[in-house]
Structures are given as C-alpha cells and as structure tokens.
Amino acid sequence: MLDPKLLRNQPEQIAAQLRRRGFELDVEQLTRLEAERKQLQIQTQQLQSERNSSAKAIGQAKAKGEDIQPLLQAVSDLKSRLDAAEARLGELQEEINSIVMGIPNVPHETVPDGTSEEDNVEIRRWGNLPEFDFEPRDHVDLGAALGQMDFETAAKITGSRFSLLSGPLARLHRALIQFMLDLHTGEHGYTETYVPYLVNAESLRGTGQLPKFGQDLFKLEGEHEYYLIPTAEVPVTNILRNDIVDAGQMPLKYVAHTPCFRSEAGSYGKDTRGMIRQHQFEKVEMVQAVRPEESWQVLEQLTNHAETVLQKLGLPYRVVALCAGDLGFSAAKTYDLEVWLPGQQKYREISSCSNFGEFQARRMKARWRDPETGKPELLHTLNGSGLAVGRTLVAVMENYQQESGAIRVPEVLLGYMGGVEVIGSKASL
RNA sequence: GGAGGGUUGGCUGAGCGGUUGAAAGCACCGGUCUUGAAAACCGGCAUGGGUUCACGCCCAUCCAGGGUUCGAAUCCCUGACCCUCCGCCA
C-alpha cells in the first residue's frame with residue numbers, strides 16, 4: 001500500500017511513476033473522492049463533537065440534579081444526522097480503500113524502463129556453460145530414463161502440473177532443501193522457521209496477493225476461509241503483522257522451506273513440459289525485515305545469498321534486473337536469478353529477490369521503534385528465493401548429466417546423499 | 001464434539017453507563033543527585049486522522065461488526081481468536 005498522504009498530496013508524481021510499470025492511476029477519480037471524503041469527514045467530526053459535548057453537558061446537569069429535558073430536546077435530531085453522515089463516510093472510505101489496496105508499488109528509480117520480460121536488463125553472469133560431447137537432454141527425458149521422475153502417475157493421482165519423484169532423485173530433491181537451509185542458517189545468518197502452509201485472507205492482503213490475485217491461489221472449502229500458501233513469503237513476512245519490533249532485534253532474517261501451491265491460472269500452454277511450472281513445488285525462502293535506510297543495500301546482500309547457492313552447486317547463472325513493467329505487484333525492485341538449462345539452451349528463472357520498501361509493512365502494520373524518534377515507524381521488507389527447489393533439481397540434472405543419462409551429484413550435496421555419488425549408475429540402484 | 005473463562009497502551013494489569021484515552025507497575029526518554037554508574041527522587045511517554053504559521057484544538061481507536069442510550073472499555077447480540085477441563089486423536 002502506498003502512503004495515502006503522498007497519494008493525496010502528489011498524485012501526479014505517483015501516477016507518473018506508476019505509469020512506468022504500466023499502471024494507469026485515475027488521478028481525477030481519486031482526487032474527487034478524496035475531496036468528497038475530506039468534506040464529509042469534517043462534517044461528521046463536527047456532529048460527533050456536538051454529540052460529545054452535549055452528552056457531557058447532560059451528564060453534568062444530571063449530576064447537579066437539574067432538569068435535563070430541555071437538553072435532550074436540543075439533541076433530538078442529532079443522532080439521525082450523525083448516523084447518516086457516518087454511514088456515507090464509511091462507504092466513501094471503503095471505496096477509497098479498495099482503490100488504494102489495488103494500486104501496485106512504485107518502482108525504484110534504479111529500475112530499468114520497459115514493458116515486458118524482453119526489457120529486463122542483465123546485470124552479471126557467473127560460471128562457464130557446460131560443454132557436452134553429446135546432445136544434452138532435458139530433465140524430463142533424463143528423469144524418465146532413470147525411472148525416477150513420473151508425470152503420468154502424478155497426473156493419475158491428481159492431475160496435470162504435478163510431479164512424482166522416487167529413489168535417489170527424490171533424495172537429491174530433499175538434499176537440495178537441506179543444503180540450502182544449512183547454508184543460509186550457517187553462513188548467512190538466517191533463522192530457520194517452520195510456518196503454517198495454510199493462511200488466512202488477512203495475511204494474503206498483507207503481502208499483496210489479495211485482493212487482486214485471488215485467482216492465482218488455491219482456496220480451501222469448508223468452515224474456514226483459508227488458502228494454500230503460494231510462497232513462504234506470506235506466512236513468514238506476516239510474522240511481523242501488527243507488531244512493533246525493537247531496533248535491537250533488527251535486521252530480522254528468516255529462512256523457511258515450504259511447499260508452494262499456485263493455481264497457475266492463465267498460464268495454460270506455458271511450460272507444460274516437466275517440472276518447471278507446477279501447482280505444487282518446494283521452495284526455500286529468505287525474508288528480511290530491516291531499517292528503511294538499509295533496505296537497498298540488503299537487497300544486494302540477499303541477492304548474493306541466493307547466488308551463493310548456485311555458485312556452491314556449480315550452476316551457471318545470470319542476474320537480471322526486472323524492468324518496471326515486469327515487476328510484481330508489491331515490489332519496488334527485483335533481481336531475478338536465471339540458471340542455465342542445457343536441455344533448453346536457455347537461462348530460466350530460479351530465484352526472485354525483491355525489496356518491497358514499506359509497501360507490505362504499511363499493509364500489515366509491521367513497524368519498528370526508531371531509537372532516534374522513539375516512535376514506531378514502518379520497517380522495510382525483502383525476500384528472495386534461495387532457491388526454488390524443483391527448478392534447482394532440474395538445473396542439477398541437466399548440468400550434471402552424463403552421456404549414459406546418469407546424473408553426477410554435486411560435491412556440496414554428497415554429504416546429504418548417503419553415499420550416492422552418481423544417480424543412475426549401478427551403484428545407486 | 002461438550003462445558004466454562006478470556007481479549008484494555010511497547011509489556012503486565014485496574015477499570016460503578018457520565019472530564020476514563022483510560023489507574024498502577026515495568027520498559028523507555030529527559031532531569032536532580034553522583035568523580036562515574038546504580039539506587040533514590042522529579043518530569044515526560046499510545047496510535048491514526050482532521051485543522052492551525054504555531055501553542056493548541058477537534059475526531060476516531062480498549063479484538064471485529066451490529067444494537068441499546070442524550071452518553072458505552074463498561075450493557076445486549078453476532079463473529080474471530082486465545083485459554084482451561086472433558087471427549088477424540090497423529
């Protein structure tokens with residue numbers, strides 16, 4: 001949520017910034033509603049003030065034993081006028097609020113211009129692309145040949161966009177999770193958290209998935225209005241909702257592994273092959289809550305934390321700055337990490353690291369006490385995948401494949417693999 | 001599933017329907033004292049909104065939403081969440 005004061009006082013400037021990301025702010029409508037609200041609010045408050053003072057006068061008169069009938073007479077029609085004013089004000093505020101909740105974050109000045117993925121800007125590359133003296137296969141072929149990745153059976157159990165892993169490949173998947181958590185807790189200073197995988201609507205509003213993107217979510221039927229989490233960002237960031245954090249505890253750094261559930265509505269026909277785009281996938285997510293003045297520096301650090309995972313796994317990648325038009329709803333700036341997939345001969349997104357500034361914090365009233373002022377102030381939130389586990393598995397399979405179709409286990413994962421060094425060798429079966 | 005109890009400021013915790021936006025304690029900030037610190041003492045200290053050049057003034061907020069009333073933290077209804085006991089259970 002943007003600062004309502006800013007929205008009120010300089011709507012044109014904000015509209016210009018939002019236009020960069022392709023969002024058209026109806027300034028005329030907003031200023032009209034605001035003017036109306038203001039006038040109505042003043043009027044309502046005057047009536048309330050009148051009610052309060054007359055009620056007080058009646059109380060005092062009664063205490064002195066005076067006759068209160070004339071006073072009661074005087075306020076007889078106040079109530080109806082006040083009720084009407086309050087009702088209209090409430091409607092108006094609701095209307096304004098629903099508009100404001102639907103306005104995306106303003107892109108940071110360093111975010112490149114552009115309207116789509118095509119305009120994203122490559123920042124840096126790491127690693128050498130693997131060279132094969134055979135035609136590299138993609139993870140679907142590799143997995144099928146191994147007999148350890150089975151989309152048909154997953155479709156039987158549930159439907160499309162689910163996967164079934166087995167044997168050493170399933171273990172490799174788990175090993176990646178352990179490795180990532182150990183790395184972020186052990187070397188990057190994050191606190192491991194275990195969180196609910198079902199969340200309420202308020203939490204989704206806090207991080208920005210609602211009210212606009214309900215169609216991307218799986219919603220439970222039944223007694224409770226609960227949703228499956230689309231990312232750990234939702235439960236982890238909402239730890240701070242309605243909280244005031246002591247300055248001494250900052251920065252707060254959380255890491256969590258969770259499954260993520262996405263309906264992928266509107267992505268029909270896109271990435272239908274393999275594990276790239278699934279309704280259910282595992283992700284290790286880093287979340288930070290920091291002092292406002294630190295957030296831009298922290299975004300760079302957090303991105304580096306995600307990069308470290310790829311570096312340790314020896315997976316070549318590039319870092320891309322999303323252009324304004326490609327930014328997510330709540331983000332002020334985002335770096336995507338794209339890993340090299342030999343099977344597709346392409347870089348594919350494997351992590352997304354964003355600074356949300358105070359956008360999420362304002363929605364969820366996540367604050368910290370600034371020792372300078374002694375006042376509670378909005379903190380800044382950031383998060384990044386560290387990493388998407390399914391896609392990392394894909395990347396490992398494709399980059400570490402052998403001509404035989406076997407998969408060599410990356411060095412850093414050996415300790416998690418119970419002695420398996422090559423998946424698909426006789427020894428692993 | 002059954003029966004009770006609860007939700008008040010950063011925290012703990014009082015609160016007869018009428019100067020209660022809210023006692024008290026803790027925490028925090030400032031001051032006195034002290035060589036310094038602690039202790040003691042004095043003072044300050046909720047959030048959001050409106051208005052003012054400013055001092056200030058006004059409005060809202062005691063889980064949420066309705067209701068009763070001239071007036072609600074306080075009474076009534078509904079809901080959410082938490083706790084205790086019983087039952088069931090990984």
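Protein chains get the first letters and strands the later ones, always in sequence-line order, with residue 1 at the start of each. A quick note: this is a predicted structure, and the numbers were derived from the prediction, not measured.
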Test: [X] and [Y] ion pair at under 4.0 Å:
| X | Y | result |
| --- | --- | --- |
| A:Arg88 | A:Glu91 | no |
| A:Lys375 | A:Glu377 | no |
| A:Arg32 | A:Glu28 | yes |
| A:Glu282 | A:Arg174 | no |
| A:Glu421 | A:Arg408 | no |
| A:Arg348 | A:Glu398 | no |

For [X] and [Y], indicate whether the former's side chain and the latter's backbone hold a donor-acceptor pair under 3.5 Å.
| X | Y | result |
| --- | --- | --- |
| A:Thr272 | A:Tyr268 | no |
| A:Arg161 | A:His279 | no |
| A:Arg20 | A:Val111 | yes |

For [N], the Watson-Crick or wobble counterpart (both distances under 3.5 Å):
| N | result |
| --- | --- |
| B:C75 | B:G67 |
| B:U12 | B:A24 |
| B:A37 | none |
| B:A46 | B:U61 |
| B:A3 | B:U84 |
| B:G17 | none |

Tell me what [X] touches on the nucleic acid: a base, only sugar-phosphate, or nothing, going by heavy atoms under 4.0 Å.
| X | result |
| --- | --- |
| A:Ile58 | base |
| A:Pro376 | sugar-phosphate |
| A:Lys62 | base |
| A:Ser49 | sugar-phosphate |
| A:Asn52 | sugar-phosphate |
| A:Lys79 | base |
| A:Ile42 | sugar-phosphate |

With rounding to whole Å, what would you report as the distance between [N] and [M] at their [atom1] atoms?
| N | M | atom1 | answer |
| --- | --- | --- | --- |
| B:A72 | B:G21 | P | 11 Å |
| B:C33 | B:C42 | C1' | 11 Å |
| B:G5 | B:C63 | C1' | 16 Å |
| B:G66 | B:A54 | P | 35 Å |
| B:A64 | B:G6 | C1' | 16 Å |
| B:C75 | B:U8 | P | 15 Å |
| B:G15 | B:A73 | C1' | 8 Å |
| B:A39 | B:G17 | C1' | 44 Å |

Which ones in residues 201-209 of chain A lie close to RNA chain B, meaning a heavy atom under 4.0 Å from one of its atoms?
none
First-last contacting nucleotides on RNA chain B - partner chain A, under 4.0 angstrom, heavy atom
B:G10 to B:C81
Closest-nucleotide ordering on RNA chain B, the 5'-leading residue of A:Val75 and A:Ser53
A:Ser53
More 5' along RNA chain B: A:Gln60 or A:Thr44, using each one's nearest nucleotide?
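By nearest-heavy-atom nucleotide position, the 5'-most residue is A:Gln60.
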Could you tell me if the ring centre of A:Phe261 sits under 6.0 Å from that of A:Tyr197?
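Not under 6.0 Å, so no.
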Taking side chain as C-beta onward, heavy atoms only, is A:Phe356 less than 4.5 Å from A:Asn383?
yes
